[in-house]
Amino acid sequence: MLNELSHHLRVEPYPYQREGIAYGLDKKRLIIGDEPGLGKTLQSIGIVDTAGAYPCIVICPSSLKINWQREFEKFTGKSALVLDNAVRTTWPYLLRMGIHQVAVVNYESLRKYFVWDIKAPSGGSFRLKDVVFCPQIKMFKSVIIDESHRVKDPSAQQTIFTKGIATGKEYVILLSGTPVVNRPQDLVAQLSIMGRLQEFGGRSGFMADYCTDPKNKEAKPAVPLSVLSNQLYANCMVRREKAKVLPQLPDKTRVDIYVDVSNAPEYNLAAADLAEYLRRYTECTDFEIRRKMRMEALVRFMTLRQLATLGKVAQAVDFIRTFLSNGKKLIVFCSLHEVVDALAKAFPGSVTVTGRDSAAGKQASVDAFQNNPGTMLIICSIKAAGVGLTLTASSNVAFVELPWTYADCCQCEDRAHRIGQRDNVTCYYLLGRGTIDHTIYSLIHQKKSIAAEIMNSDDDIPTDEMYFDELVSSFLNPG
């Protein structure tokens, strides 16, 4: 089937991804359980697009909504609609008319967009039969459920809503690097959402065969878990590890993840103010005045950059929490103290390497991250940790804040991508949608050949005049 796979994707999948797409087209209702960084998104899109199973609905964490929208459009050319208040009542019409082929929604908003009523005591528990869904959910031919371990609790509202939306769909694709978080029973709700639980004996049969009393740690399941594993792989699950498909992968993969900023009004006001100031700067012909205006513009650029970063904190927390739920360690880079403190507060078990940490403290953090299985997250300052450190305990790096140059990006990425690393390194860049992040990110990739000497080592501001002028031009003329 692999050699016969004919797709219309705008990129050519790796061989193992083609296998995943072919498997999904055959099974239709399945879990793609590949490790993070192996392209579960591309494979699920490939299944839906090759099958022509539109309209499609994607249910995902909040921080990944825009990423799903962009990936569908990048890989297929199909238009994806992120559900928000602006389209709360019109989304069915937009999909029915073919203006969009995909709807993207986060777990927390399922009730808002798809549930008409819940016929159960107010505030009390309810079951699927108590939920009245809007009839428009019938238009969807496929459902993609990202980070599906979020719906492992059968009694949780999000699980019930997800099950109702998925019921009756031809293609139901669950994505999770850890479909089994702690216990075999984590699979019960996911199998039910796929409409496959009866193939495993139903809930009672599954629990009797594969689950044990959590109070009895010595007990073994009635049926060996290897039997469950074989049945899953045969019927409805595909899973690959980075190490197994490493020859097919590049040494390093970059993933751009666009997120909405929480301070958009404040940011937009500052951006408009800077744009007006830069227009005056570009029109100025007096050298001395222009020099002074340039220094002021640099300060305003830094302020705008900080606003963009602070606006991403909530979504960064969501992204990090989502990633860590896959059971993989993560290296996070940023610069602002406020961001470091916010992330450290959100993840109390994390360690830090920043300019405020002593040499001994930095080394202790590195040792804990490298050697302690329980230390899953290290939060690093771009300046303090960008060189010299070895952090090969993880093959995943995330940037909440951008360096100014491509060279600095590489130096940070190479804390993981160095001798001792056995896996492909995946680098996630969290970019604020509609912010200066896009301008900076585009510019540093255009200027790969420019050395780090264009940097001011004290202020972390690009002082090279040509670089500055291009930054101004890119900001005033985005795209």
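These numbers were taken from a predicted model, which means no experiment stands behind them.
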Heavy-atom distance under 4.5 Å between the side chains of [X] and [Y], does that happen here?
| X | Y | value |
| --- | --- | --- |
| Q158 | R111 | no |
| T76 | L9 | yes |
| R18 | H7 | yes |
| Y14 | V245 | no |
| I144 | C56 | yes |

| said: Taking the basic N atoms (NZ, or NE/NH1/NH2) and the acidic carboxylate oxygens, is any pair closer than 4.0 Å for K119 and D130? | reply: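 No.
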
| Hey, is K74 close enough to E71 for a salt bridge, meaning N to O under 4.0 Å? |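 Yes.
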
What I want to check is whether the side chains of [X] and [Y] have a donor and an acceptor closer together than 3.5 Å.
| X | Y | value |
| --- | --- | --- |
| T435 | K312 | no |
| D318 | S63 | yes |
| S148 | Q190 | yes |

| Do you know which two heavy atoms are closest between I436 and Y267, and how far apart they sit? |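 In this case the closest contact between I436 and Y267 is N-OH, 2.6 Å.
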
| Once you round to the nearest 0.5 Å, how far does CD1 of I59 lie from CD of E147? |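 Between atom CD1 of I59 and atom CD of E147 there are 13.5 Å.
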
| task | For A53, check side chain to side chain contact (heavy atoms under 4.5 Å, CB included) against everything at least two apart and list the hits. | result |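 By the side chain to side chain contact (heavy atoms under 4.5 Å, CB included) rule, A53 matches V48, A51, K141, S142, Y171.
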
| Quick one: side chain to side chain contact (heavy atoms under 4.5 Å, CB included) partners of E170, sequence neighbours excluded? |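 Counting only residues at least two positions away or on another chain, E170 forms a side chain to side chain contact (heavy atoms under 4.5 Å, CB included) with K28.
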
| query | Among K328, K40, K244, whose side-chain hydrogen bond (donor to acceptor under 3.5 Å, both in side chains) with E35 holds? | reply | K328

| task | If a pair satisfies ring pair (Phe, Tyr, Trp, His ring centres under 6.0 Å) and one of its residues is in residues 298-323, list it, with sequence neighbours excluded. | result | F301-F475, F319-Y428, F323-Y428

| Aromatic F140 / basic K169 pairing, under 6.0 angstrom, 45° off normal | no

Residues forming a ring pair (Phe, Tyr, Trp, His ring centres under 6.0 Å) with [X], sequence neighbours excluded:
| X | result |
| --- | --- |
| F126 | F161 |
| Y441 | Y429, H445 |
| F347 | none |

| Has R203 got more than 12 heavy atoms of other residues, nucleotides or ligands less than 6.0 Å from its CZ? | no

